[in-house]
Amino acid sequence: MNAPDRYERFVVPEGTKKVSYERDTKIINAATFTIEREDHTIGNILRMQLHGDENVLFAGYKLPHPLQYKILVRIHTTSQSSPMQAYNQAINDLDKELDHLKSAFEVEVEKHSRDF
């Protein structure tokens, strides 16, 4: 078959950065982040988290091509913040939310397992 190996969708090749940053030369406080080996799941979660930041004017993502395993996240911020700050804050906030979700899940599993 002519399809690429399945692991290529998830494993970042050696020498390739997971996240790269490119500042926009035409628009102030705008940048594009390329995130390797990710898809709509991370793109949409990150976009929605960025929309919650009052300093973010625009946040969007796209998959350039179905056989290219990367997403491009575009962020445009106000002068009070930078795209890098907004990106880092969104990642940190998501990390905290997922830690809370994991803790709440583990508590409920523990409660449920005691009942049996």
Side-chain angles (χ1 to χ4, degrees):
M1 197 156 123
N2 210 12
D5 292 327
R6 290 181 184 224
Y7 74 88
E8 287 184 17
R9 287 188 247 170
F10 309 106
V11 179
V12 178
E14 195 171 315
T16 303
K17 291 183 177 182
K18 178 71 174 176
V19 179
S20 59
Y21 170 82
E22 184 179 342
R23 177 176 281 136
D24 192 317
T25 58
K26 296 179 181 178
I27 301 173
I28 296 174
N29 288 335
T32 301
F33 294 84
T34 302
I35 306 174
E36 294 289 337
R37 303 307 190 248
E38 295 297 348
D39 59 11
H40 290 289
T41 304
I42 296 299
N44 199 36
I45 290 171
L46 185 55
R47 178 184 64 87
M48 292 305 295
Q49 189 69 35
L50 286 162
H51 282 179
D53 186 341
E54 61 187 25
N55 290 318
V56 173
L57 299 173
F58 174 82
Y61 79 95
K62 69 178 180 177
L63 266 70
H65 189 275
L67 295 177
Q68 290 181 345
Y69 306 120
K70 64 182 176 182
I71 57 173
L72 303 175
V73 179
R74 181 121 171 94
I75 304 171
H76 183 200
T77 61
T78 63
S79 60
Q80 281 78 34
S81 182
S82 72
M84 183 65 81
Q85 289 171 329
Y87 177 85
N88 287 334
Q89 185 64 43
I91 294 294
N92 290 335
D93 290 347
L94 285 170
D95 190 40
K96 289 176 189 172
E97 283 185 39
L98 290 173
D99 282 344
H100 174 73
L101 181 64
K102 180 182 175 187
S103 299
F105 178 77
E106 288 171 346
V107 166
E108 292 301 317
V109 167
E110 184 62 32
K111 283 184 193 175
H112 182 70
S113 65
R114 279 192 242 137
D115 293 340
F116 291 102

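Keep in mind that this is a model prediction, so the values were computed, not measured.
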Between the side chain of [X] and the main-chain N/O of [Y], is any donor-acceptor distance below 3.5 Å?
X	Y	answer
R37	V11	yes
D53	A86	no
D95	I91	no
S81	Q85	no

Open item on the list: For the CG atom of N29 and the CZ atom of R23, what is their distance to the nearest 0.5 Å?
Closed with: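 The distance works out to 8.5 Å.
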Q) Quick one: does E38's side chain get under 4.5 Å of K70's, heavy atoms only? A)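 They are not in contact (no side-chain heavy atoms under 4.5 Å apart), so the answer is no.
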Report yes if some heavy atom in the side chain of I35 is under 4.5 Å from a heavy atom in the side chain of V73; otherwise report no.
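The answer is yes, as the side chains (C-beta and beyond) meet within the 4.5 Å cut-off.
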Would you list the atom pairs, donor with acceptor, under 3.5 Å between side chains in residues 57-66 and any protein atom, with sequence neighbours excluded?
unit_1 : atom_1 : unit_2 : atom_2 : d
Y61    : OH     : H40    : ND1    : 2.8
H65    : ND1    : L67    : N      : 3.0

Does Q68, at its CD atom, have more than 12 non-hydrogen atoms belonging to other residues, nucleotides or ligands within less than 6.0 Å?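 More than 12 heavy atoms, drawn from other residues, nucleotides or ligands, come within 6.0 Å of this atom.
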Q. How about E97: does its CD atom have over 12 heavy atoms from other parts shown lying under 6.0 Å from it?
A.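 Check passes, neighbour count above 12.
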Item checked: Option passing side-chain contact (heavy atoms from CB on, under 4.5 Å) with L94 (candidates I42, L46, D99) ->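 That would be L46.
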*Hey, which of N55, I75, I45 is the one that makes side-chain contact (heavy atoms from CB on, under 4.5 Å) with L50?*
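Only match with L50 under side-chain contact (heavy atoms from CB on, under 4.5 Å): I75.
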Taking side-chain hydrogen bond (donor to acceptor under 3.5 Å, both in side chains) as the definition, give me every residue that meets it alongside D24, ordered by chain and number, with sequence neighbours left out.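 Checked D24 against side-chain hydrogen bond (donor to acceptor under 3.5 Å, both in side chains); matches are R74.
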Applying side-chain contact (heavy atoms from CB on, under 4.5 Å) to H76 and V56, what does each step give before you reach the verdict? CA-CA 6 Å; H76 183 200; V56 173; over 6 Å; no
Taking a hydrophobic cluster as the set of Ile, Leu, Val, Met, Phe, Trp and Tyr residues connected by side-chain heavy atoms closer than 4.5 Å, whether directly or through intermediates, do L72 and M84 fall within one such cluster?
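No, because L72 and M84 fall into different hydrophobic clusters, even though each may have its own neighbours under 4.5 Å.
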* Residues forming a salt bridge (charged side-chain N to carboxylate O under 4.0 Å, His left out) with E108, sequence neighbours excluded ->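 With neighbours one apart ignored, the set is K111.
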- Query: Who passes ring pair (Phe, Tyr, Trp, His ring centres under 6.0 Å) against H51, sequence neighbours left out?
  - Reply: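 Once residues adjacent in sequence are excluded, H51 has no partner under the ring pair (Phe, Tyr, Trp, His ring centres under 6.0 Å) criterion.
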Legend entry - side-chain contact (heavy atoms from CB on, under 4.5 Å) partners of Q89, counting only residues at least two apart: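 side-chain contact (heavy atoms from CB on, under 4.5 Å) list for Q89, sorted by chain: D93.
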Problem - ring-ring contact (aromatic ring centres under 6.0 Å, His included) pairs, two or more places apart, involving residues 7-38 - result: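 As it turns out, the ring-ring contact (aromatic ring centres under 6.0 Å, His included) pairs with a partner in residues 7-38, which skip direct neighbours, are Y21-F33, F33-Y87.
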Query raised in the report: side-chain contact (heavy atoms from CB on, under 4.5 Å) between E36 and Y69: does it pass, once the steps are laid out?
Result: CA-CA 6 Å; E36 294 289 337; Y69 306 120; over 6 Å; no
